[in-house]
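Hydrogens, waters and symmetry mates play no part in the numbers below; they use all other heavy atoms, side chains included. Protein chains get the first letters and strands the later ones, always in sequence-line order, with residue 1 at the start of each.
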Amino acid sequence: MDYLKNEEKWRKEWEKQHLGHFDRSKADSKYYVLEMFSYPSGFNLHMGHWYNYAPSDTFARFKKMQGYNVFQPMGFDSFGLPAENHAIKTGIHPKVNTNKNIAFMEKQLKTLGAMYDWEAEVITSDPSYYRWTQWLFCELYKKGLAYQKQAPVNWCTSCNTVIANEQVVDGRCERCKSEVVRKNLVQWFFKITDYAEELLWCLDVLDWPEKTKTMQRNWIGRSEGSEIVFEITGETRLKNKKPLENEKITVFTTRADTLFGTSYVVLAPEHPLVDKITSPVQKTVVEEYKYAASKLSDIERTGDKGDKTGVFTGAYCTHPLTKEKLPVWIADYCLALYGTGAVMGVPAHDTRDFDFAKKYGLPIVRVIKTDKNDVDDSLPFIGRGVLTNSGIYDGIDNETAKKQITAGFEKKGAGRLKTTYKLRDWSVSRQRYWGCPIPIVYCGHCGAVPVPYEQLPVLLPDGVNFTPDGKSPLSKCEEYINTTCPVCGKAAKRDADTLDTFVCSSWYFLRYPDAQNTSKAFNSEIINKMLPVDKYVGGPEHACMHLLYARFMTKALRDMGYLSFDEPFKSLIHQGMILGEGGEKMSKSNNNVVNPDAFTKEYGSDVLRLFLMFGFSYIEGGPWSDTGIKASAKFLERVERILDTALAGRNVKSGSAQENGRGPTDGKKTENDDNELNYALHYAIKNVTKDLEDFSFNTAIARIMELVGAMYKHSQPDNRLYRCGMTLIKLIAPFVPHFAEEMNVIYGGKSSIFNEKYPVFDPAALIKQKIEIAVQVNSKIRCRIDVEPGLTDDAVTSAALTDENVKKVLAGLTVNKVIVVRDKLVNFIV
RNA sequence: GCCCGAGUGGCGGAAUGGCAGACGCAAAGGACUUAAAAUCCUUCGGAGGCAACUCCGUGCCGGUUCGAGUCCGGCCUCGGGCACCA
């Protein structure tokens, strides 16, 4: 078969038949298969995309053959930083370049031969889409889930612009190598933390990889602890020569039981109290320290690379129980964004505090001792135990003490039990051009006003100078930025920032089923039928951010009354990553991006698809190597040959070998052949079906290979082989769709084969007369015996004992115990 | 540093706590062919043995178990994520 010609033929035919078209009238039997859409970057569709999309399409076709009305859409996440950087470098407008890339990738995707419903295509940078992203923003704003606050950005001191984390290399700007500092700007946030609790507990019911759920749980990072108030002492006020009325530091701790061991208090360098309480003497060093800390990322700050550092503010606070005077320090290991941005330093029972106290000579007081008899006096001591040096709490076990100590404060208003989360609100403002404009107008009289829906979309203007020079690109576009207030009509200014591209991708799965809707983001009635997504396929790198944002958005829209389901993705699969040949990530800078086009041109897309599924463990991925692709091509040719042979047997009665002048003359042998072929066929059907459900494509193909091998072993081309061939074509169809479609026609079938039913195995065909079980003596295999399947433990044991080999092995030994694993093994313990 | 994974023949990879290495690649031998390619058949973790068979073997060290690639504890190496790459 000429694969390339054949593939072109069927792609056209499928388009004619609207094979990928989703029939909305049959939403009851819908199956929504979704692959993460791709970013239309400069190097187009690479092998990694193919690896995501081709096997997923195999799964979708399998589901279609199981009778589901499959919906499989495709689109592009087309706003983003790389397009803008490319534009800065080349002068080509991001819109031009992005649209060019999309057109090319669409063509490549069509070569893949996937069953996409192109009528549902979504392109996030298209006004017909981002209009509704803006609508979503306004809805969140009205619901109180979007708000503004000061937050740090990476600021390149030389380019005079905000740069992304990715562009910061070793604390310096990747472009100009100058120093990067953190600078506060007013930015928009989504209140994802309002949903922290639900995002956490809903994970339990999702059919997602356990590791992904664990990662999200840790990312949300719920921890139950206490907030405890330390008051700034009067002396501090005196030193500052300013009245500091009732200044207090609220610390968050999960170890209230160690309160008596507190020897100092630490504020994050960015803590608002720092400037107020720093004594004049310490001002210079505190300012210097704050500046140094602003240059470090959170990872560098909390990392264990260097020493713990910090400086004394000159201020003191009072221990809430002992009334001791404790110094207040600032240290970068305390993060402003977690807890209250302040911690109590308990060197004896925390490793970081211990390092810090040792370095700066702060007192270390042990307040928990081990409750075991063996004396462990090494510090820091992190384990459980009972309190000591803790006044009235001495002798209480530390878990009880946590509650008791906090409860003591609760009455006085000086502390309380508090649940905190590592999860932070989602920062969505970007000081960039190529993104969705934020639909907010600032009016001198009315404040921040969302743009009315009838005025959406707020179009991203074309003629903008987006070379970095210290300002958000849109703020330099006069005709964009200057507008009138939608409420009072007076002159006003638009928000000059654009939205994080994760906002665009946090709801695209809701747009697909109603992508052409021009009056709404989506029709709730349709969406409530079409979602949740039945199978979502994409890379594990999105475990925490994209997947969490999409879940948040779904819950927020539900609470606004637009959706009636709680979770967007019922079932999730991560494909592994296809690495470069050397085992490193495929990227332009590594110069190891593998383009699938050369392979589709040489072997055809079916062969490439088959190879990707057979050569890798789908969820593991691995380094690319083309050594196996030839084997996949050979296998497909082998399939074609046996199908040709089988077709010749169409009218040859099974067992009538002699008429044909070949094959065995013994009629019995033919019958046995038939049974063996039948067994192989149903064994394959059973396992391929199961493996496809599990996205275990490599083992599914292995079972098909075994079936093909069994067909070659079959004595002659007869009707039995012919019928086996017919089933094989259906079995293999999702894996090599173009090929199977053609073979089906050759076999007299009607196109499309994907409207046919996937084969179902017959359990009766899988009943074996004899099975082999292993006989172990002291857990070492000594021999194997054949027995009937399903024997009782006693029957298997006595069958084993009558075997000559077993007798030999057990001769002269006393059997103490016999362990039988049904249909697997017998183990004699002697 | 923190969170999450992974480590099995020369290679890609299989194995609900129960016969490690399915299936395939590469390699070797054979058949067919004038020859090559293609195809078909056979062998293929290591060591020993004529053989039956024996011993060793799933990154390292220890543990649980009649039995561990699989479970537990401690390491080592690699990969992903760490909130402005998407």
Side-chain angles (χ1 to χ4, degrees), chain A residues 36-39 41 77 79-82 85 153-154 162-168 187 192 209-219 221 297-306 333 337 352 422-432 500-502 504-505 539-546 548-549 574 576-577 579 583-585 587 611 614-617 619-623 625 627-632 634-635 637-638 641 696 698-706 709 712 772-781 783-784 816-822 824-829:
Chain A
M36 288 178 185
F37 59 176
S38 49
Y39 180 79
S41 66
D77 188 15
F79 273 136
L81 182 67
N85 285 342
V153 292
N154 298 311
V162 176
I163 61 172
N165 285 346
E166 196 190 40
Q167 297 171 294
V168 183
Q187 307 188 61
I192 191 171
E210 246 351 279
K211 67 160 188 170
T212 309
K213 294 206 255 182
T214 307
M215 279 192 272
Q216 281 209 2
R217 283 190 192 106
N218 292 337
W219 184 268
S297 69
D298 287 358
I299 297 171
E300 289 164 321
R301 286 173 51 163
T302 52
D304 204 22
K305 277 177 203 154
Y333 76 89
L337 293 169
R352 287 164 305 181
K422 285 211 181 82
L423 183 68
R424 313 204 289 250
D425 276 339
W426 174 12
S427 145
V428 296
S429 292
R430 298 292 180 269
Q431 297 70 40
R432 304 242 164 72
D500 176 15
T501 54
F502 275 126
C504 306
S505 60
E541 67 274 21
H542 292 293
C544 290
M545 306 183 71
H546 161 64
L548 202 59
Y549 295 148
H574 292 307
M577 190 177 281
L579 306 167
E584 63 297 314
K585 201 170 173 176
S587 75
F611 169 62
F614 183 65
F616 301 84
S617 165
I619 57 168
E620 298 296 332
S625 155
T627 48
I629 192 163
K630 220 169 229 162
S632 290
K634 276 186 188 173
F635 172 65
E637 284 161 17
R638 187 170 148 88
R641 278 195 304 276
S696 180
N698 55 348
T699 54
I701 293 167
R703 299 294 86 81
I704 293 177
M705 284 171 166
E706 284 165 355
Y712 271 91
E772 193 187 67
I773 67 164
V775 181
Q776 297 182 331
V777 176
N778 282 348
S779 305
K780 285 208 165 173
I781 289 167
C783 63
R784 297 169 175 87
N816 294 326
K817 196 175 167 190
V818 183
I819 291 157
V820 180
V821 180
R822 184 66 59 90
K824 289 255 167 86
L825 62 78
V826 185
N827 189 4
F828 295 100
I829 311 301

Completion exercise
Expected string for nucleotides 3-10 of chain B under the B/S/- scheme (protein heavy atoms, under 4.0 Å, primed atoms plus P, OP1, OP2 as sugar-phosphate) is SSSS----
Problem - Axial cation check for Tyr712(A) ring with Arg638(A), 6.0 Å and 45° limits - result: yes
Handout entry: Distance-only donor-acceptor test (3.5 Å): side chain Gln431(A), base C84(B)
Key = yes
Exercise for the section: Indicate, with a heavy-atom threshold strictly under 4.0 Å, whether Ile819(A) touches base, sugar-phosphate, or nothing. Expected result: base
Handout entry: Heavy-atom side-chain contact between Asp77(A) and Cys504(A) under 4.5 Å
Key = yes
Exercise for the section: Please evaluate the base of C23(B) for a donor-acceptor partner in the side chain of Arg703(A) within a cut-off of under 3.5 Å? Expected result: no
Practice task
Could you work out which one of C84(B), C40(B), A22(B) sits closest to the side chain of Ala702(A)?
Solution key: A22(B)
Practice task
Check whether the side chain of Asn827(A) and the base of C66(B) form a donor-acceptor pair under 3.5 Å.
Solution key: yes
Problem - Minimum-distance nucleotide to Lys634(A) side chain [options: C66(B), A86(B), A38(B)] - result: A38(B)
Practice task
Measure from the side chain of Val153(A), starting at C-beta and using heavy atoms only, and say which of A20(B), C84(B), C66(B) lies closest.
Solution key: C84(B)
Handout entry: Residue pair Asn698(A) / Ser617(A), side-chain heavy-atom distance below 4.5 Å
Key = yes
Exercise for the section: Report which part of the nucleic acid Glu637(A) touches: base, sugar-phosphate, or nothing (heavy-atom distance under 4.0 Å, all strands). Expected result: nothing
Exercise for the section: Could you check whether Ala631(A) gets within reach of a base, just the sugar-phosphate, or nothing at all, counting any heavy atom under 4.0 Å? Expected result: sugar-phosphate
Practice task
Looking only at side-chain atoms of Glu541(A), point me to the closest of A86(B), C19(B), C23(B).
Solution key: A86(B)
Exercise for the section: Check every atom of C40(B), G18(B), C84(B) against the side chain of Asn165(A) and return the nucleotide holding the closest atom. Expected result: C84(B)
Exercise for the section: Report the glycosidic orientation of G49(B): syn if within 90° of 0, anti in every other case. Expected result: anti
Exercise for the section: Could you tell me whether Glu637(A) and Lys634(A) have a side-chain N and a carboxylate O separated by less than 4.0 Å? Expected result: no
Completion exercise
To the nearest angstrom, the CD1-C1' distance between Ile701(A) and G13(B) comes to 12 Å
Exercise for the section: Could you check whether the rings of Phe502(A) and His546(A) sit parallel, tilted or perpendicular, using 30° and 60° as the cut-offs? Expected result: parallel
